[in-house]
Amino acid sequence: MSAALSSIPSRLARLRSALAEGGADAILISHPENRAYLSGFTGSAGILLITQDRAVIATDFRYWEQVGLEAPHFELAQIKTTINDLLPGLLEGLPKVAFEADHASYAMAQGWQEAAAGVEWRPTKGMTADLRAIKDEGEIGILRRAVLLADAALAAGLAEARPGMAELELAWIIESYMRTHGAQGVAFDLHVASGPNGARPHAHTSEKKLQAGEPIVIDMGAKVDGYRSDLTRTVCLGEPADADKFWTVYNTVLGAQTAAMAAIRPGLTGKEADAVARDFITQAGYGEAFGHGLGHGVGLEIHEQPFMGRLSTSTLQQNMVVTVEPGIYLPDWGGVRIEDIVLITENGAEVLTTAPKYPII
Ligand code: ZN
Ligand code: ZN
């Protein structure tokens with residue numbers, strides 16, 4: 001049995017106690033990563049129905065065999081037309097049914113409500129996301145591999161990076177390294193943002209040629225066994241053209257990241273963690289230029305619970321895995337962001353990322 005499969009019963013048990021607490025008899029799970037997390041099924045279509053004593057997966061012909069292989073804890077309900085035709089039978093004897101209001105579309109929910117009109121529908125938010133925020137041993141092992149693969153791919157890319165190379169070409173060298181060294185794919189479309197492009201935190205990688213001396217922000221990650229890593233480094237090909245400014249900005253971001261990673265521990269709120277980095281950057285005079293949150297959980301999705309930012313409502317707990325990624329963005333000049341992944345331990349945080357931080361290539 002795979003590591004993931006052996007943890008399905010405990011995941012279902014935790015979901016069932018959350019369900020009982022909320023007073024619902026069952027929940028429909030439509031969110032793809034939640035479906036995979038709770039069942040082991042990796043197909044791209046299907047809905048779970050979970051009650052206190054049943055676990056059903058409803059999916060169509062394409063996946064019936066796969067369900068048998070991947071989700072032995074679930075009984076299969078064969079969809080031959082639409083899920084709505086199965087619902088009256090599946091929901092018999094279940095008066096209160098929860099659904100994922102933060103995923104199901106209005107049209108989906110409306111269809112279910114019409115199909116099973118006698119049911120009292122209960123919109124819920126984040127029930128499975130909260131479970132997923134705390135990783136088990138198997139998940140942490142996979143995440144470590146995804147992190148190390150991204151670190152190696154970045155090193156391979158930087159070994160070939162030259163002035164005159166297009167951002168897209170550098171992104172492709174990194175991506176192809178990951179795909180030929182065990183990644184299922186990229187964790188998200190790679191960002192290589194050089195010079196002024198780096199001033200936009202989510203700039204599209206472009207045909208622009210890398211130039212010596214400009215800051216280059218590279219944000220990337222690998223997808224391994226369904227889990228995603230996330231890594232950002234800011235580098236300079238040769239000495240920075242604007243050395244005073246570059247080093248001031250770089251060292252401010254690095255100092256903020258170091259301070260935040262030293263502070264992170266169970267019990268700290270996402271808001272407090274963010275404030276550690278934000279206060280550091282603000283004291284250096286760049287507070288306005290740090291326009292996003294400090295970091296986010298990573299796992300089956302690239303951005304998941306918990307979030308660390310000014311509006312965060314999360315509290316950090318042991319075995320959460322989060323990014324720590326302060327940045328400073330200066331229009332017309334560029335940006336600096338440094339992002340590592342940390343595992344929250346009993347007393348602090350273990351940095352999983354191993355990519356070096358000395359920026360001159
Ligand atoms: Zn990133
Ligand atoms: Zn990130």
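Indexing begins at 1, ligand by ligand and atom by atom, following the structure's order. Along the sequence shown, the residues carry numbers beginning at 1.
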| Yes or no on side-chain contact (heavy atoms from CB on, under 4.5 Å) for Arg233 and Ile338, after CA distance, side-chain angles and deciding distance? | CA-CA 5 Å; Arg233 287 292 179 268; Ile338 306 172; 3.7 Å; yes
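Here Asp219 contributes OD2 and Glu339 contributes OE1, and at the Zn ion (ligand 1) these two atoms make an angle of 110°, given to 10°.
Both the sub-6.0 Å distance and the 45° axial angle are satisfied by Arg278 relative to the ring of Phe290.
Residue-level check: among N/O/S atoms of Asp230, OD2 sits closest to the Zn ion (ligand 2). The nearest N/O/S atom of Glu325 to the Zn ion (ligand 2) is OE2.
Using a 30° and 60° split on the angle between ring planes, His103 and His31 fall in the perpendicular class, above 60°.
Inspection of the Thr323 and Asp230 side chains reveals no N or O donor paired with an N or O acceptor under 3.5 Å.
Not a single N, O or S atom of His303, from either the backbone or the side chain, sits less than 2.8 Å from the Zn ion (ligand 2).
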